[in-house]
Amino acid sequence: MHEINLYQTHLTEGQWSYINKEFLENDRRKRKYSLQSVFEAILYLLASGCQWRRLPHDYPAWKSVYYYYHKWRQEGRVEHFLEKLVRKIRRKRGQASSPSVGAMDAQSVRWGSRQGDNGYDGNKKVKGVKRNIITDRNGFILARKVCNAGIHDSKMAHNLCGLADDVWEDLRKVLSDRGYRGDVDKDIEKDFGIELEVSNTPNGVKGFLPKPLRWVVERTFAWLDSCRRLARNYEILNESAEEMIDFAAIKFLINKI
């Protein structure tokens, strides 16, 4: 039986019913801890930024929570569920389930663990990792990749567009800033049929100039930063950092179903 905890990350009955159906495939096996409490514990850790061992006693033992967190990552469940969630909400908004246009950008994040894949971004003057994402017009994450902060944005563009192309069948154009200039656009169009459109600031314009459709990716980074666990990179493995991004996206999207 699930014990109700009055934390802000508590899931409503409707939300959990959808998660259990799409994420866990209506798993009804009896366990010592309910999977709802495990899922809520991960959301609490993400929102509060606490350590695994510092999870409140109202939640299951931290080792059990981490076991499922690792298990779900290995099975690819979280990434697959996020795709289902994005498609569902897009249809609810009267949009096609697969977007045709996306926006791409990267964010350098300061290190929080010395054991992580830390590098130095000379442009942003940040030591840590780099989050590379593609979003749709709503700011929903279509693809993500975490790498060493010392790797230039354009070096990850081909890999990132490949990940997006594997999942989103109608994606044909990706908007980006000047950090993605070079010959990478030719390789992306040749391999995936995706046009990479690099925006340029008009002559004579100084300071920040928001671009239609492309600014939404900046808002998505702001959404991620609102989760204290993502304020710095506390993960040792890049794969774990990517799963934290997926859970953060799920945390925001689950309120929109």
Side-chain angles (χ1 to χ4, degrees), residues 18-26 72-107 130-147 153-177 179-180 182-199 211-221 223-224 238-239 241-257:
Y18 177 77
I19 292 172
N20 189 40
K21 176 183 176 182
E22 299 294 340
F23 181 68
L24 299 170
E25 301 172 349
N26 287 320
W72 291 338
R73 183 179 78 224
Q74 296 294 102
E75 295 174 347
R77 284 180 180 266
V78 182
E79 190 175 359
H80 186 54
F81 176 62
L82 178 58
E83 176 200 341
K84 288 184 177 180
L85 203 53
V86 170
R87 289 183 185 274
K88 178 181 176 63
I89 297 173
R90 284 183 58 86
R91 287 194 296 266
K92 184 178 179 180
R93 294 187 173 195
Q95 302 169 359
S97 62
S98 175
S100 59
V101 180
M104 177 168 58
D105 206 351
Q107 177 194 44
K130 186 172 287 185
R131 296 174 186 147
N132 306 271
I133 65 172
I134 295 179
T135 69
D136 69 355
R137 60 184 292 186
N138 307 300
F140 304 158
I141 294 178
L142 306 179
R144 81 287 180 270
K145 192 70 177 177
V146 175
C147 67
D153 298 0
S154 61
K155 300 295 184 182
M156 297 300 299
H158 187 275
N159 192 350
L160 196 60
C161 287
L163 293 174
D165 183 62
D166 289 341
V167 178
W168 306 100
E169 63 278 2
D170 294 334
L171 188 63
R172 291 296 173 262
K173 179 185 285 189
V174 172
L175 310 177
S176 67
D177 60 20
Y180 295 90
D183 297 331
V184 65
D185 58 334
K186 299 177 182 177
D187 293 334
I188 290 174
E189 187 163 12
K190 175 184 176 182
D191 295 340
F192 311 119
I194 296 175
E195 177 189 354
L196 181 62
E197 183 178 302
V198 180
S199 61
K211 303 288 184 178
L213 294 181
R214 206 193 71 77
W215 69 271
V216 294
V217 70
E218 306 291 350
R219 184 181 64 182
T220 301
F221 283 133
W223 287 346
L224 296 179
N238 289 343
E239 292 78 9
E242 291 166 0
E243 187 176 10
M244 281 294 178
I245 293 174
D246 290 342
F247 267 109
I250 291 171
K251 178 178 179 292
F252 295 121
L253 293 179
I254 201 65
N255 295 318
K256 300 180 184 295
I257 61 174

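Reckoned from all heavy atoms, side chains included, excluding hydrogens, waters and symmetry mates.
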Practice item. Taking all heavy atoms of D165 and all of F192, pick out the closest pair and write down the distance. Key: OD1-O, 3.6 Å

Revision key, fill the gap. Between P99 and L142 the two heavy atoms that sit nearest each other are CG-CD1, 3.6 Å

Practice item. Check step by step if side-chain contact (heavy atoms from CB on, under 4.5 Å) holds for M104 and L160. Key: CA-CA 9 Å; M104 177 168 58; L160 196 60; 3.7 Å; yes

Review point. Do E79 and R144 meet the salt-bridge criterion of a basic N to acidic O distance under 4.0 Å?
Key: yes

Review point. To the nearest 0.5 Å, how far apart are CH2 in W223 and CD1 in I245?
Key: 14.5 Å

**Study point:** pair E218-D105: side-chain heavy atoms closer than 4.5 Å
**Key:** yes

Exercise for review: Kindly state each residue pair satisfying ring pair (Phe, Tyr, Trp, His ring centres under 6.0 Å) with at least one member in residues 83-103, sequence neighbours excluded.
Suggested key: none

Exercise for review: State, to 0.1 Å, how close S199 and D177 come at their nearest heavy-atom pair, and which atoms those are.
Suggested key: OG-CA, 3.8 Å

Review point. Run the side-chain contact (heavy atoms from CB on, under 4.5 Å) check on I194 and L171 step by step: do they pass?
Key: CA-CA 7 Å; I194 296 175; L171 188 63; 4.1 Å; yes

Review point. Below 4.0 angstrom, N of the basic side chain to O of the carboxylate: do R73 and D246 qualify?
Key: no

**Study point:** Test log, rule side-chain contact (heavy atoms from CB on, under 4.5 Å), inputs V216 and R137
**Key:** CA-CA 7 Å; V216 294; R137 60 184 292 186; 5.8 Å; no

**Study point:** V146 vs K130, side-chain contact (heavy atoms from CB on, under 4.5 Å): CA-CA, chis, key distance, verdict
**Key:** CA-CA 6 Å; V146 175; K130 186 172 287 185; over 6 Å; no

Exercise for review: Considering non-hydrogen atoms only, spot the tightest contact between I141 and V86 and give its length.
Suggested key: O-CG2, 4.1 Å

Practice item. Using the test side-chain contact (heavy atoms from CB on, under 4.5 Å), find all partners of E75 that sit at least two apart in sequence or belong to another chain. Key: K71, W72, R77

**Study point:** Any V174 side-chain heavy atom under 4.5 Å of E195 side chain
**Key:** no

Please list every donor-acceptor pair under 3.5 Å in which a side-chain atom of residues 247-256 meets a protein atom from a residue at least two apart or in another chain.
unit_1, atom_1, unit_2, atom_2, d
N255, OD1, Q15, NE2, 3.0
N255, ND2, K251, O, 3.4

Check your understanding: Would you find more than 12 non-hydrogen atoms of other residues, nucleotides or ligands less than 6.0 Å from H80 atom NE2?
Key -> no

Practice item. State which residues pass side chain to side chain donor-acceptor pair (under 3.5 Å) with N238; sequence neighbours excluded, sorted by chain then number. Key: D117

**Study point:** From OG (S98) to CZ (R91), nearest 0.5 Å
**Key:** 11.0 Å

Revision key, fill the gap. CD (E22) and CG (L82) are apart, to the nearest 0.5 Å, by 13.0 Å

Check your understanding: At their closest point, which heavy atom of Y18 faces which heavy atom of K88, and how far apart are they?
Key -> OH-CD, 3.3 Å

Practice item. Output yes when a side-chain donor or acceptor of K92 lies under 3.5 Å from a complementary backbone atom of I257, and no otherwise. Key: yes

Review point. From K145 NZ over to C161 SG, what is the distance, rounded to the nearest 0.5 angstrom?
Key: 13.5 Å

Point to revise | Where at least one partner belongs to residues 167-176, residue pairs that pass side chain to side chain donor-acceptor pair (under 3.5 Å), sequence neighbours excluded | key: R87-E169, K173-E197

Exercise for review: Would you please name every residue forming a side-chain contact (heavy atoms from CB on, under 4.5 Å) with N138, sequence neighbours left out?
Suggested key: R90, R93, Q95, D136, F140

Practice item. Calculate, to the nearest 0.5 Å, the distance between atoms CD and SG belonging to E242 and C147 respectively. Key: 9.5 Å

Practice item. Specify the closest pair of heavy atoms between I134 and A164, including all atoms of both residues, with the distance to one decimal. Key: CD1-CB, 4.1 Å

Exercise for review: Working to the nearest 0.5 Å, report the span between CZ of R219 and OG1 of T135.
Suggested key: 8.5 Å

